[in-house]
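Everything below concerns the one structure shown next.
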Amino acid sequence: MIRLRRRILFQSFATIAVVVPLASGWFSVGGPSAVAAEPWVDARQVGPFICQATFPLHEYDPLLAKLPDLEREIDRTLGLPPAHEPIYIYLFSDAQSHRQYLHQHFPDVPYRRALFVKEGGLAAVYAYRHDQLDIDLRHECTHALLHANLPTVPLWLDEGLAEYFEMPEDQRATDHPHFGALRWNMRLGMVRSVADLEQRQELVQMGTLDYHYAWAWTHFMLHGPNTAHVVLVDYLADVHRGEPADKFSDRLAKTIPDSTDRMVQHFQRWDQ
């Protein structure tokens with residue numbers, strides 16, 4: 001972990017998430033302080049998601065309206081309860097204003113086009129309007145929903161789940177961009193076991209291959225043998241209850257001793 005005044009939790013190719021001390025100041029709606037370079041001109045609340053934007057939101061109403069569906073799918077798939085805390089979404093009109101805000105408030109964090117921030121227990125997502133905003137919001141809101149229910153999530157699993165749920169529902173199982181790269185990785189013998197991924201506990205240790213396999217293991221557990229899915233759900237249930245959790249790799253090995261081989265076979269046969 002990177003420990004300065006801010007503790008970085010997880011990062012993807014286009015996004016990053018951080019935890020910072022509680023900021024002073026509040027919105028009238030009860031959210032954390034966030035002062036945009038432009039005035040907030042529109043707002044929505046859908047389920048636990050409270051969104052404010054520096055531009056009219058009517059274009060994004062269909063996207064925002066589907067965020068509660070994302071929550072329900074995550075809860076159903078992982079056996080988690082609904083979020084009992086609000087998740088704030090702050091949308092900027094362009095990259096420049098977004099960058100200006102993040103540079104001012106999170107100067108030690110490498111810039112990314114979207115941020116998930118947890119301030120003193122309050123969760124917020126910062127992003128800007130562009131043609132892949134839907135992917136960014138699903139990715140970051142997945143992080144937020146996980147951390148609304150779980151006191152801790154292993155870095156690789158946190159990213160693997162966010163990478164999986166960032167795609168539209170009808171593309172998650174069959175049409176993720178990781179598929180092509182992953183098959184080349186496997187042909188070249190470049191494979192990561194869960195035990196390998198568990199060693200990546202800081203962002204600087206996570207490379208492109210690690211992100212591919214964080215997603216791959218998530219896909220295996222959600223679409224592979226039912227026993228792998230059960231291990232995942234039971235593990236998250238223990239974490240949710242605050243029970244001491246052993247390494248996920250140890251649990252998986254007890255149930256599926258040849259899990260790495262099974263995961264590779266899962267993708268070799270997936271098209272069939």
Side-chain angles (χ1 to χ4, degrees), residues 1-27 30-40 49-54 85-130 132-133 135-163 166 197-212 214-215:
M1 292 291 176
I2 299 174
R3 292 183 182 273
L4 297 170
R5 293 184 62 187
R6 298 169 175 83
R7 182 161 62 94
I8 299 177
L9 282 184
F10 37 85
Q11 176 181 358
S12 72
F13 303 119
T15 58
I16 191 171
V18 301
V19 167
V20 300
L22 179 62
S24 59
W26 298 81
F27 275 124
S33 175
V35 180
E38 310 169 49
W40 304 110
F49 304 96
I50 300 173
C51 179
Q52 291 195 189
T54 62
E85 60 185 47
I87 296 169
Y88 300 93
I89 300 173
Y90 300 110
L91 299 181
F92 297 81
S93 60
D94 54 45
Q96 181 178 355
S97 58
H98 177 256
R99 182 186 294 270
Q100 179 181 345
Y101 178 86
L102 295 182
H103 178 72
Q104 178 182 354
H105 292 272
F106 309 109
D108 300 324
V109 177
Y111 177 74
R112 294 295 186 272
R113 72 187 188 199
L115 280 169
F116 163 57
V117 179
K118 195 153 190 179
E119 302 177 287
L122 296 175
V125 171
Y126 299 86
Y128 67 89
R129 178 172 52 181
H130 66 105
Q132 291 188 318
L133 177 59
I135 292 176
D136 286 353
L137 285 189
R138 286 189 293 264
H139 184 108
E140 297 305 329
C141 288
T142 296
H143 285 312
L145 290 166
L146 291 174
H147 286 270
N149 277 301
L150 302 169
T152 183
V153 188
L155 176 62
W156 72 270
L157 183 57
D158 209 344
E159 273 305 323
L161 288 167
E163 292 280 313
E166 74 180 15
L197 295 174
E198 286 174 335
Q199 297 176 31
R200 277 59 167 176
Q201 299 185 22
E202 298 185 11
L203 288 179
V204 294
Q205 298 173 326
M206 289 285 290
T208 300
L209 192 64
D210 300 309
Y211 284 109
H212 287 169
W215 170 83

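Just so you know, these numbers come straight off a predicted model, no measurement behind them.
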Gap separating the CD atom of E166 from the CG atom of L161, nearest 0.5 angstrom
11.5 Å
Least distance between heavy atoms, H147 atom then D158 atom:
NE2-OD2, 2.7 Å
Please work out whether the ring planes of Y101 and F92 are parallel, tilted or perpendicular, with thresholds of 30° and 60°.
tilted
With sequence neighbours left out, write down each residue that passes ring-ring contact (aromatic ring centres under 6.0 Å, His included) with W156, or none if nothing qualifies.
F248
Could you state the interatomic distance from CD (E163) to OH (Y211), rounded to the nearest 0.5 Å?
8.0 Å
What's the spacing between C51 SG and Y90 OH if we round to 0.5 Å?
9.5 Å
CG/D94 to OH/Y128 distance, rounded to the nearest 0.5 angstrom?
9.0 Å
Of all residues at least two apart in sequence or in a different chain, which pass the side chain to side chain contact (heavy atoms under 4.5 Å, CB included) check with E85?
K118, A123, A148
For E198, give me all partners under side chain to side chain donor-acceptor pair (under 3.5 Å), at least two apart in sequence or on another chain.
S249
Considering all heavy atoms, the nearest L133-A127 contact:
CD1-CB, 3.8 Å
Distance-minimising heavy-atom pair for I50 and P86
CD1-CB, 4.0 Å
Aromatic centroids of F116 and H139 separated by under 6.0 Å:
no
Measuring only between side-chain heavy atoms, which start at C-beta, is F49 closer than 4.5 Å to L137?
no
Give, for atom CD of E140 and atom CD1 of I89, the distance between the pair rounded to the nearest 0.5 Å.
10.5 Å
Looking at Q205 and D210, what are the two nearest heavy atoms and their distance?
O-OD2, 3.4 Å
What residues form a side chain to side chain contact (heavy atoms under 4.5 Å, CB included) with R129, not counting sequence neighbours?
F55, Y60, S93
C141 side, atom SG; L146 side, atom CG - distance, nearest 0.5 Å:
11.0 Å
Side chain to side chain contact (heavy atoms under 4.5 Å, CB included) with Q132: which residues, sequence neighbours excluded?
R113, H130, I135
Residues two or more places apart in sequence or in another chain: which of them pass side chain to side chain donor-acceptor pair (under 3.5 Å) with N149?
none
